[in-house]
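Keep in mind the model is a prediction, meaning the values are calculated, not measured.
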Amino acid sequence: MNNDINDEIGKNLLKKPLIIFKSGEDRYGKDVTLMSNFFDQSIFSLCNYKSSATETTPNDYNELIGVILKQSLEMGEIVEDKKTTIIPPVYGLNDEMKDKLLTGMYKVNKSSQNEIQIINSMNNEIIQPITLKRVINESNVYNCISTLLKMREVYNKLINLQQIKDNQLKPEIANSFINDFLFARDKIIEAESINDFNQRRNTLLEADKYLEKAIEFIILDYNKNKKIILKRIKNSVMRPFIDKFFNRIIADLQFFIQYVGVRYHLLFYIMNTDALRILLDKYKTIMDDFFVGNEQKNKKILADILQNYYKYSYSNKDMWFFLKTRYSEEINLDITNNKNIYFFKFGKENEKKKDEEG
């Protein structure tokens, strides 16, 4: 396994600490189900890692981007359509400015000076200048953000279908991979305060061992639950027994994607390209197994089984079908992403601003 920092990006990444865990719950909590998805923070951070991977593009601004940018400003969240992704700053607008954008008192505007601004709709007073940047397509940073965005979409759709609850997991199973994840988190946080980048990298390699162990255990549990589901379906043993294993395999997928996202960002940060490739192969193997199966061998596809037997609510009816279709057409890692990925900072490009990302 190659652990060398093998290009200039790796050296630049290590000049800043790796920040994945921001909230108090993320940093000090013990219940992973109460923590954030971690994807958003990773994506925010990656936008600021390497200036040469981005370019200032006020000329890209158009009406469509303006609409999406306004949505991102209002919500403080990543907003996407088929061709564009807008990523907000780590620290967004205050509530007053959000409310005034929502009510139309403020609007997003491209000025004649080729700048983007939030202005007062009544008198055109400039409230906040904005620098819009595009992540350069084909750059390592672009590929990393694109991959995390795809993982994030699958994860969020699974969470929307079913929130993880403690009682869905056997205590011995949860303890096995959650404890390893918490050990990894503590090592990542410890590395934040280490100034020597070689020592910081070694601490992160320790964290990676825990993450790898946690992910491997989730894969084992996923395969065990899959085997039980396929056996029970074949023998027509159904509810309420089978529902328990539906819940478990969904929880396995949620934890798996979440942990893979954290490890992916860590490995990208330390530029361990061999381990990155292996990790993505594992991710693709599990996702393809769930959504695609092995159709050549006429094996049942788990996503189809859940589509047929899952206890839907009115708001999420047929979501397994739609998620499977979405995965096949847009968000599996084999599909090239040609989206424009933008992020924005408050202030003009030439203004000296406090770094927004630790």
Side-chain angles (χ1 to χ4, degrees), residues 9-10 12-27 29 32 35-51 53-54 72 75-80 85-92 133 135 139-159 181-182 184-192 200-201 203-205 207-208 210-212 214-215 254-273 275-276 279-280 282-283 287 331 333 337 339 341-345 355-358:
I9 288 182
N12 277 277
L13 292 180
L14 283 166
K15 289 178 180 178
K16 290 184 177 181
L18 174 67
I19 306 292
I20 296 177
F21 308 103
K22 291 286 284 189
S23 72
E25 191 66 47
D26 289 355
R27 294 177 73 84
V32 180
M35 297 180 187
S36 67
N37 65 27
F38 308 130
F39 288 105
D40 291 356
Q41 176 57 39
S42 290
I43 292 165
F44 296 156
S45 298
L46 283 162
C47 286
N48 294 286
Y49 270 160
K50 178 72 174 169
S51 59
T54 65
S72 185
M75 296 186 294
E77 296 177 357
I78 296 169
V79 177
E80 299 186 76
T85 300
I86 300 282
I87 299 167
V90 178
Y91 304 108
K133 291 191 171 188
V135 183
S139 70
N140 287 343
V141 173
Y142 178 93
N143 293 333
C144 185
I145 292 173
S146 176
T147 297
L148 287 172
L149 284 168
K150 289 180 178 183
M151 292 179 184
R152 174 184 179 271
E153 181 171 342
V154 181
Y155 176 83
N156 284 345
K157 281 181 163 52
L158 289 173
I159 288 292
F181 178 80
L182 294 177
R185 176 206 54 188
D186 292 346
K187 283 292 180 182
I188 292 170
I189 293 171
E190 178 187 337
E192 291 175 9
R200 182 193 300 159
R201 190 168 183 276
T203 303
L204 291 174
L205 285 170
D208 183 55
Y210 287 116
L211 284 172
E212 184 177 23
I215 290 167
Q254 290 170 342
F255 279 116
F256 174 73
I257 298 168
Q258 189 179 36
Y259 290 10
V260 166
V262 171
R263 188 171 182 230
Y264 182 80
H265 187 185
L266 186 154
L267 291 172
F268 179 81
Y269 177 86
I270 61 176
M271 282 290 117
N272 191 334
T273 52
L276 265 176
L279 179 65
L280 290 181
K282 287 181 180 178
Y283 174 82
M287 292 295 103
I331 54 178
L333 300 187
N337 187 351
K339 279 187 176 185
I341 299 176
Y342 297 93
F343 71 100
F344 61 88
K345 291 184 176 182
D355 191 1
E356 291 177 317
E357 196 270 335

For Phe38, which of Phe255, Tyr259, Phe181 qualifies under ring-ring contact (aromatic ring centres under 6.0 Å, His included)?
Phe181
Hey, does Phe343 have a side-chain heavy atom less than 4.5 Å from the side chain of Ile43?
no
If I take atom CZ from residue Arg152 and atom OG from residue Ser42, how far apart are they, to the nearest 0.5 angstrom?
11.5 Å
Reported CG-to-CG distance for the pair Leu267 and Leu205, which is rounded to 0.5 angstrom:
8.5 Å
I would like to know whether Leu158 and Val154 meet side chain to side chain contact (heavy atoms under 4.5 Å, CB included); could you show each step before the answer?
CA-CA 6 Å; Leu158 289 173; Val154 181; 4.2 Å; yes
With heavy-atom distances below 4.5 Å as the criterion, would you say the side chains of Ile87 and Ile145 are in contact?
yes
For the backbone of Ile78 and the side chain of Ser72, can you confirm whether one donor and one acceptor N or O come within less than 3.5 Å of each other?
no
Could you go step by step and tell me if Arg200 and Leu18 meet the side chain to side chain contact (heavy atoms under 4.5 Å, CB included) rule?
CA-CA 9 Å; Arg200 182 193 300 159; Leu18 174 67; over 6 Å; no
If you apply the rule side chain to side chain contact (heavy atoms under 4.5 Å, CB included), what do you find for Ser45 with His265, and how did you get there?
CA-CA 10 Å; Ser45 298; His265 187 185; 4.3 Å; yes
Quick one: are Met35 and Phe21 in side-chain contact, heavy atoms under 4.5 Å?
no
Gap separating the CG atom of Leu266 from the CG atom of Leu204, nearest 0.5 angstrom
5.0 Å
In this structure, CE of Met151 is separated from CD1 of Ile257 (nearest 0.5 Å) by 8.5 Å
Can a donor-acceptor pair be found between the side chains of Tyr283 and Arg263 at a distance below 3.5 Å?
no
With no hydrogens and no angle check, is any side-chain donor or acceptor of Arg27 less than 3.5 Å from a backbone partner on Ile189?
no
If you take all heavy atoms of Glu192 and Pro17, which pair is closest and at what distance?
O-CB, 3.5 Å
May I ask you to test the Tyr342-Lys133 pair for a side-chain heavy-atom distance under 4.5 Å?
no
If we ignore hydrogens and angles and just use 3.5 Å, is the side chain of Arg185 paired with the main-chain N or O of Gly29 as donor and acceptor?
yes
Testing Thr147, Leu211, Ile215 for side chain to side chain contact (heavy atoms under 4.5 Å, CB included) with Val260, which one passes?
Ile215
Within the distance-only criterion (no hydrogens, no angle test), does the side chain of Asp26 pair as donor or acceptor with the backbone N or O of Ser36 below 3.5 angstrom?
yes
Taking C-beta and beyond as the side chain, do Val262 and Ile188 meet within less than 4.5 Å on heavy atoms?
yes
Under the side chain to side chain contact (heavy atoms under 4.5 Å, CB included) rule, what do Val141 and Phe268 come out as? Steps first, then yes or no, please.
CA-CA 9 Å; Val141 173; Phe268 179 81; 4.2 Å; yes
What are the two closest heavy atoms between Lys339 and Thr85, and how far apart are they?
CD-OG1, 3.5 Å
May I ask you to say whether Lys150 pairs ionically with Glu153, meaning some side-chain N is under 4.0 Å from a carboxylate O?
no
With heavy-atom distances below 4.5 Å as the criterion, would you say the side chains of Phe44 and Pro88 are in contact?
yes
In short, Asn143 meets Tyr264 closest at the heavy-atom pair O-OH, 4.0 Å
